Engineer: 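One structure coming up, written as structure tokens, with questions to follow.
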Amino acid sequence: MNLFGKKRLKETEKVMEQYVVRLYRGLGTSLAGRLVYTGITPNEITLVGFIFVLIACFFFTRGTHI
């Protein structure tokens, strides 16, 4: 890959990173605004996320190969 191709790839990565940051920042802000008055702590959110990961791991290990 020549220098021009690397530069163009780096610019493309910057643009994609900006889209991802905007998406997650918007989702995170929206979710935080809804949860701020519920009394749910960040540790509880982390625990629920961890439980979902464990469930996903269970189903992943039980999957079949086609």
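All figures in this text were calculated on a predicted structure; none of them were measured in a lab.
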Engineer: Below 3.5 Å, can you tabulate the donor-acceptor pairs from side chains in residues 46-54 to any protein atom, sequence neighbours excluded?
Structural biologist:
unit_1: T46; atom_1: OG1; unit_2: P42; atom_2: O; d: 3.0

Engineer: Under the rule for side-chain contact (heavy atoms from CB on, under 4.5 Å), what residues qualify as partners of I45, not counting sequence neighbours?
Structural biologist: L35, I40
Engineer: Counting only heavy atoms not in Q18, do more than 12 fall under 6.0 Å of its CD?
Structural biologist: yes
Engineer: Which residues pass the side-chain contact (heavy atoms from CB on, under 4.5 Å) test with Y19, sequence neighbours left out?
Structural biologist: V15, M16
Engineer: Check whether any side-chain N or O of S30 sits under 3.5 Å from a backbone N or O of G26 as a donor-acceptor pair, and report yes or no.
Structural biologist: no
